[in-house]
Structures are given as structure tokens and as C-alpha cells.
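Here is the structure we will look at.
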Amino acid sequence: MIVLGIETSCDETGIAIYDTGRGLLSHTLYSQIALHAEYGGVVPELASRDHVRRIIPLLEQTLEESGVARSDIDAIAYTKGPGLAGALLVGASVACSLGMALDIPVMGIHHLEGHLLSPLLSSDPPEFPFIALLVSGGHTQLMRIDGVGRYTLLGETLDDAAGEAFDKSAKLLGLSYPGGPEVSRLAETGDADKYRLPRPMLHSKDLNFSFSGLKTAVLTAVRNCGEQLEMQEKHDIARGLVDAIVDVLVAKCLSALKETGFNRLVIAGGVGANRQLRAALDAMAEKRRFRVYYPEMEFCTDNGAMIAFAGAMRLLDNPASAEKDYAFTVRPRWPLQELTNRA
Ligand code: KG4
Ligand code: ZN
């Protein structure tokens, strides 16, 4: 079965062709980062317009690279939400029009389900059940994953997501958008003892997070440096921030593994690309004898492959989930818990 995946929830246009027999055949990505960089964040209207410009040429390119003819596609999976309404509508309208033209089923996929299942695209995928830490730009959640569509929320952030803490702090440090990769790079040569930032909710007895206080701590540190924020200070503050975020994320993952008795941990979402987080988790995994699974680097951040894959998994799990219903709606806000109907 061949599934076309379309991702347009935010600032990346991603297209992929996944074959349930042969695996991922091709995928392409166009990132709008440069377009939004000068505004310090994603401008929704610009994002939608750029998706409109890119989506068809990318679709043609992906099909050509896969060697699959349009008529060979069995189903189309597109990101239905959560995300920016206008951006989502571009992917949804292309998916539904093409589905109608080809007379094949179309599936609206939850973006976070795509992230959650993305480690299964790797050559050494985890078996169910596992714990998943979902750390994207807007979400920080710990989930228990028992199978496709069987997700239980164990804990989540009460305010900012870890990605937001990275991005907002980066802005305060005068770094470009998106801040995560840049903060991570600066932190590598920062002094760990110079700024010890708070570890919010580290000792709370639950699996929830809170990261909004960190940007305030970064703001205070920046202000204390006075008018001229030296480069080395930026490195040191970045190091303090990364250490605080990583400590909390690792501790909560450990608690989730302990609580459930599971020994497999999956990391999904953009912050999962963070080098320091990976190093800390790997060290902890060796010490506490659990295994960590990461998506391939290119599938950590938004991409079409994870959407094609999630669609294919849904089709295999429940063929009735794909309908020839081309009247689409998008869900800019869509709690993942709504998918957990068959736990
Ligand atoms: O999953 P994603 O690509 O998009 C959303 O669905 O939100 O995640 C984007 C987030 C941004 O906050 C970005 O700063 C962060 O992931 N990120 C990183 C790194 N790469 C991306 N954060 C820390 N270190 C990184 N290397
Ligand atoms: Zn994402």
C-alpha cells in the first residue's frame, strides 16, 4: 500500500511517499526558516502563502524521486492539526482535491501522532509499549504508548513548552529564530557554574513540567549583564538554560519509566534533536538500564515522512479509518487525548 504524506502545519512544507512493503520511498522538505527569521518568529500569513507556492512543485519532485506514478497512490495522509489554520488548510485542500481526483481515501492526521510514531521509521524501531517524551515547539508531554492510537497522557507542561523556553530565551539573548539549535551550540562552550537556573517542578510528585519561569530567569541574567551582553556571557547563560531544561526532562522521563515499569523510552519532536539532551539521556539509560530511541535527525523536526507513516500505520491498524470524504476541516487546536479512544 502506498501512502502520500503532506505536512503543512507550521513553517515547513513536507511531502513523502511511504510504501507499507518497501518503507519510505522518498521525502522532500522546504523550510521557511529564512522567510520568518527577520520577524523573530513564524508569521502565519506568510507561512500559508509560502506553502501555496511550494506544495505542488514539492509534490511533483517527491513523486518523481519515488518512482511512483500518481495512479499508484492508495491513500493520502495530511496534517489536520494542531497548527496554524491557514497553513493547515493548504495541505488539507491539496490532499482532498488530489484524493478526489484520484478517487482514493484521504486521512487527516494529528501532527503530534506523526512525531510520536516517527522513531518507528528508523532501521531499529522500538516495540510497543514504550514511554514517549514529546518535545516540540508547542508541546512537552510524557505519554504511555501501547500501540497505534493507544496513547495515555502521563504528564505535560502547565505553561511554556521546552521548545518555547529555548526560542523565547534565544530571543532575549539576541539570537535568531528558531532558537533551540543556536542556544545548544552556544551552550557547548559555556561555563556550567556561572548561571545555575531553576529546575522548575523537578521535585513535584507528578510528571508535569513548567518552563515559563526559565525565560524570566534568562531575562534577569541578561539584565544583570548590563547594556553590553558579552559573547561569553551568552554562552554561559545558554549553558545554564540547557542544563536546567535537560535536567528536568531527564528526571521526568526516569520517573515515567519507574512508574510504568517500562524500559523503552522514545524521544520525539524538534527538541529531540538537542545534542545535550541526547547525551544526558544516553548516559542515564546506560546507568539505569533502559533504552532510548530517537527518530533519525531529519525526522525530529517537522516533515512529511512522519505523516505518511502515521497514515500508513492507521490504515494497517484500522482500514476503515480511511474514507473517501473530501469535505475537509482542519483542527488548529486538537488535543492528542482525543485520539486515545481505543486504549
Ligand atoms: O517539532 P518541531 O520541529 O515543530 C513543532 O511541531 O513545534 O519543533 C520545533 C522546536 C523549536 O522550539 C526549536 O527551537 C526546537 O524544536 N529545536 C531545538 C533543537 N532543534 C530544534 N531545541 C533545542 N536544541 C535543538 N538542537
Ligand atoms: Zn512538529
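The model shown is predicted, which means the values in this text are computed figures rather than measured ones. Counting starts at 1 for both ligands and their atoms, in listed order. For this chain, numbers begin at 1 and follow the sequence in order.
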Legend entry - Aromatic plane relationship, Phe309 with Tyr18 - under 30° parallel, 30 to 60° tilted, over 60° perpendicular: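 Answer is perpendicular, since the angle exceeds 60°.
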Report yes if [X] has an N/O atom closer than 3.5 Å to an N/O atom of ligand 1; otherwise report no.
| X | answer |
| --- | --- |
| Gly137 | yes |
| Gly163 | yes |
| His115 | yes |

Legend entry - Cluster link Leu134 to Leu254, ILVMFWY, side chain under 4.5 Å: no
[atom]: which protein heavy atom is closest, and how many Å away?
| atom | result |
| --- | --- |
| atom 2 (P) of ligand 1 | Asp302 OD1, 3.6 Å |
| atom 11 (C) of ligand 1 | Asp167 OD2, 3.4 Å |
| atom 21 (C) of ligand 1 | Gly270 O, 3.4 Å |
| atom 22 (N) of ligand 1 | Gly180 CA, 3.3 Å |
| atom 24 (N) of ligand 1 | Asn274 ND2, 2.9 Å |

Legend entry - Per-residue contact class, His111 against ligand 1 - non-hydrogen pairs under 4.0 Å: side chain
Inset, instruction - Would you mind running through ligand 1 and noting each atom that sits below 4.0 Å from a heavy atom of Phe166? - result: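 The list of qualifying atoms is 22 (N), 23 (C).
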Inset, instruction - Please determine if the Zn ion (ligand 2) has an N/O/S atom from His111 lying under 2.8 Å away. - result: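 Of the N, O and S atoms in His111, at least one lies under 2.8 Å from the Zn ion (ligand 2), which means yes.
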Legend entry - Arg49, CZ: over 12 other non-hydrogen atoms inside 6.0 angstrom: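 Incorrect, the count does not exceed 12.
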Inset, instruction - I would like to know whether Phe209 and Glu156 meet side-chain contact (heavy atoms from CB on, under 4.5 Å); could you show each step before the answer? - result: CA-CA 6 Å; Phe209 306 85; Glu156 65 182 332; 5.5 Å; no
